[in-house]
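Values reported hereafter were calculated over all heavy atoms of this structure, with side chains retained and with hydrogens, waters and symmetry mates removed. Bear in mind that the values here come from a model prediction, so they are computed numbers and not experimental data.
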Amino acid sequence: MKQPISNQQFLKGLAGGAASIAVLMALQLGHNYLPKAAYPGSTSGSNVSASDGSGNTATASDYGFGGDVAVTLTLDDKGTITNVELVGDSETPEVGGAALDTLKQQILDAQSAEIDGVSGATMTSTAVKNAVASALAQASGEAVEAGPTPEGDNLFVPGTYEGTAVGFGGEITVTATVDENNITDMVIAGDHETENIGSFAVEMLGEQMKEAQTCKVDALTGATVTSNAILKAASQALTAAGCDLSRLPDGTVQIDPNAAKEATTLDCDIVIVGAGGAGMTAAINATQQGKDVILIEKMPYVGGNTTKATGGMNAAETHYQKEQQIPDTIEQFIADTMEGGHQLNDIELVTKMAQESSAAIDWLDSIGAPLPNLGFSGGATYSRIHSPEDGSGVGAYLVTRFLNVMNDLNINVMYDTTATELIQDGGKVVGIKAEDASHEYTINAGAVMLTTGGFGANEDMIVQYRSDLKGTVTTNAPGATGDGIVMATAVGAALVDIDQIQLHPTVEQATSMLITEGVRGDGAILVNQSGKRFTNELLTRDAVSAAELEQEGAYAYVIFDQNLRDNLKAIEKYVSTGIVTEGATIEELAEKIDIDPATLAETLNTWNAAVAAQEDKEFGRTTAMEEDLSVAPYYAIKIAPGIHHTMGGIKINTNGEVVNTEGKVIPGLFAAGEVTGGVHGGNRLGGNAVADIVVFGKISSQSAIDYVNK
């Protein structure tokens with residue numbers, strides 16, 4: 001049985017498996033990673049090795065729609081890609097599989113990872129792009145000046161050496177300390193990597209390379225870009241130490257797909273499937289009440305889509321609102337949510353969420369995760385969205401604090417473990433089947449909770465319910481593939497609102513990075529390519545997305561000033577990632593984004609006058625007008641809609657019990673979070689997802705506790 005792990009043990013154990021969908025380094029930062037000289041590095045089980053004389057080969061893989069997609073590049077001595085081999089046996093034959101030949105030609109034509117991809121095969125295309133970027137990054141980048149020659153058969157010249165490479169958020173530095181034949185220390189500095197994704201790679205890969213005595217180790221699944229940069233920088237440092245990298249051992253994890261898995265049986269009070277925000281909330285609540293909990297997570301880290309949440313948590317009648325004299329009410333919270341969801345929401349679930357939201361804020365206070373800042377989000381009547389005091393993204397903030405509490409409680413988390421089936425006995429759910437690389441688990445439990453998230457990263461499932469969204473960029477974490485929905489329907493669970501899929505209006509398309517609603521909530525405006533506003537920026541997400549799609553090119557720009565940047569920490573990540581354009585004046589900014597300077601300046605003057613008068617005559621905006629945009633320099637981010645949230649899912653009642661197609665409760669089965677439907681109706685308001693996971697994470701776990709006690 002896997003034992004509970006500490007935070008440091010957790011970080012050390014993250015690596016393994018093929019890299020999953022991640023943002024392309026080439027697209028993020030504008031680099032073309034053509035090698036000047038190949039060297040034998042590796043990532044995600046990949047390697048760069050000498051071929052039979054026709055050139056050097058670089059191999060890497062990434063997770064596509066159905067499984068790993070492998071890319072093998074052949075490069076000549078000048079770094080030209082002369083041949084491409086793509087293998088994706090698990091991809092859908094008529095979609096992803098059929099796209100491989102086209103993708104191969106695109107790579108040869110582009111001579112880089114910066115290819116268009118194939119419409120309708122987004123996940124396969126993204127996997128191929130990522131794998132090509134990995135292979136090319138590992139095949140070197142800048143040449144490293146040769147270090148001194150070690151004495152005799154020694155591997156290194158003793159000393160301390162540095163290497164640098166560009167990660168997701170900026171420059172990463174690796175400092176390697178070596179003696180004659182050993183790596184004695186490996187320190188990684190990369191402060192701008194994504195918290196609770198790339199930051200895990202920064203924290204753990206150094207120790208892993210030290211333990212394996214090589215720079216050729218697996219990348220962290222889901223943090224491909226950060227991992228590649230670390231491994232590249234480490235390779236540079238060791239090369240500078242005089243090392244012939246071909247002499248270093250291969251530290252990648254090799255798994256025989258044909259090896260028999262060990263059958264293992266575990267027992268617990270409650271098994272929770274999915275370690276996102278709802279699952280972590282449920283696990284903490286149940287463990288605090290003395291229950292033996294096993295938390296299953298198919299990724300090598302916790303967080304799921306919660307890590308990507310950037311805004312805050314909606315709650316009404318909280319002590320924070322009362323302290324700031326905000327006259328919000330539970331009734332208004334309900335009304336706003338129902339209106340935002342086009343009255344498709346389950347009014348009983350909405351009412352329950354609103355009624356319990358203030359207590360949920362108090363619970364977060366009690367576990368060291370306060371959300372004291374208040375702001376507006378689209379569709380809200382009052383300042384209701386609660387966020388961290390320092391302005392950081394709410395998701396990474398909560399995941400970090402949840403993880404600290406889970407470690408203090410010694411909660412048993414089984415990483416890299418996928419639940420495959422619910423076990424029933426006499427109509428009751430009594431456990432799950434699950435598997436990892438070497439085990440097939442039967443986990444017997446008094447109750448089962450599904451907190452697996454939605455299906456926003458499963459393109460086939462998206463297209464099944466909304467064919468019009470085929471090929472649309474997604475902001476979702478790679479684990480959001482609808483597993484819990486599939487397992488629940490297999491035992492008769494009903495689905496609700498399954499075709500209701502939300503587009504977020506502000507997604508940077510090249511990186512799939514979501515620009516938090518807090519930017520608009522703090523006063524930013526949207527303009528089209530003509531430099532004009534075209535909507536009330538604080539309407540509901542579906543309305544703003546629809547308005548953007550009607551503009552020239554179906555995109556827009558978020559415009560904000562230095563004052564807004566100074567007061568919203570989340571913007572620094574966008575700046576470090578390279579997706580923000582800056583101008584010393586509004587006219588200079590306009591020129592940089594190819595908008596008529598006079599038009600954009602007039603738009604800004606009109607907006608600032610509207611703020612001064614507290615009246616937006618153009619589009620009727622009434623919220624987030626406390627500050628104008630008048631402090632230079634000015635900034636712009638080009639955005640368009642992207643798939644963000646799947647509102648539909650498993651049907652639950654107000655106790656978090658799963659309901660079957662006959663309207664009856666399925667005994668022993670509970671659910672919370674994005675895996676469920678009914679709370680958000682036809683459109684989710686910003687801030688309601690975090691309210692959903694915390695409120696119903698607690699409610700559902702309490703119902704599971706009561707069920708076990710009976």
Side-chain angles (χ1 to χ4, degrees), residues 17-28 32-34 43-46 57-75 81-137 221-222 224-225 228 257 455-482 501 507 509-512 554 640-643:
S20 62
I21 298 173
V23 184
L24 274 179
M25 189 184 302
L27 289 178
Q28 291 166 345
N32 184 346
Y33 285 90
L34 290 178
T43 183
S44 306
S46 66
T57 60
T59 302
S61 62
D62 195 30
Y63 198 86
F65 169 70
D68 285 348
V69 178
V71 173
T72 300
L73 306 178
T74 301
L75 306 104
I81 302 173
T82 59
N83 189 49
V84 178
E85 294 181 14
L86 303 180
V87 178
D89 295 339
S90 299
E91 301 308 281
T92 308
E94 63 274 17
V95 185
L100 294 179
D101 285 342
T102 301
L103 293 168
K104 173 181 176 179
Q105 190 58 51
Q106 288 183 2
I107 296 164
L108 288 169
D109 291 342
Q111 287 292 301
S112 76
E114 199 165 348
I115 60 176
D116 293 332
V118 175
S119 178
T122 305
M123 295 182 73
T124 302
S125 299
T126 302
V128 169
K129 293 176 185 179
N130 288 346
V132 172
S134 296
L136 292 178
T221 302
T224 312
V225 172
N228 285 344
F455 56 96
N458 185 334
E459 185 174 23
D460 279 8
M461 204 165 176
I462 290 284
V463 173
Q464 178 183 350
Y465 298 113
R466 287 282 303 276
S467 59
D468 60 307
L469 296 179
K470 184 176 182 180
T472 304
V473 164
T474 182
T475 66
N476 282 240
T481 54
I501 298 170
V507 179
Q509 299 291 292
T511 62
S512 298
I643 293 170

With [X], which residues qualify under side chain to side chain donor-acceptor pair (under 3.5 Å), at least two apart?
{"X": "Asp109", "value": "Gln105"}
{"X": "Thr472", "value": "none"}
{"X": "Thr481", "value": "Lys298, Asp483"}

Would you call Leu103 and Gln106 a side-chain contact if the rule is heavy atoms closer than 4.5 Å?
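Side chain of Leu103 against side chain of Gln106, heavy atoms only: contact under 4.5 Å found.
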
Among residues at least two apart in sequence or on other chains, which ones pass side-chain contact (heavy atoms from CB on, under 4.5 Å) with Val84?
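Scan of Val84 (side-chain contact (heavy atoms from CB on, under 4.5 Å), adjacent residues dropped) gives Leu73, Ile81, Leu86, Lys104, Ile107, Leu108.
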
Atom of [X], atom of [Y] and distance for their closest heavy-atom approach:
{"X": "Ala640", "Y": "Ala554", "result": "CB-O, 3.6 Å"}
{"X": "Val507", "Y": "Gln509", "result": "O-NE2, 3.0 Å"}
{"X": "Thr474", "Y": "Ser512", "result": "O-CB, 3.4 Å"}

So, the side chain of Thr57 versus the backbone of Leu75: is there a donor-acceptor pair under 3.5 Å, distance only?
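A pair under 3.5 Å: no.
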
Only pairs at least two apart or in different chains count here, so list each ring-ring contact (aromatic ring centres under 6.0 Å, His included) that has a residue in residues 455-479.
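Only Phe455-Tyr465 qualify under ring-ring contact (aromatic ring centres under 6.0 Å, His included).
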
Could you give the distance from [atom1] ([X]) to [atom2] ([Y]), rounded to the nearest 0.5 Å?
{"X": "Asn458", "Y": "Gln464", "atom1": "CG", "atom2": "CD", "value": "8.5 Å"}
{"X": "Leu469", "Y": "Ile501", "atom1": "CG", "atom2": "CD1", "value": "5.5 Å"}
{"X": "Thr124", "Y": "Lys129", "atom1": "OG1", "atom2": "NZ", "value": "11.5 Å"}

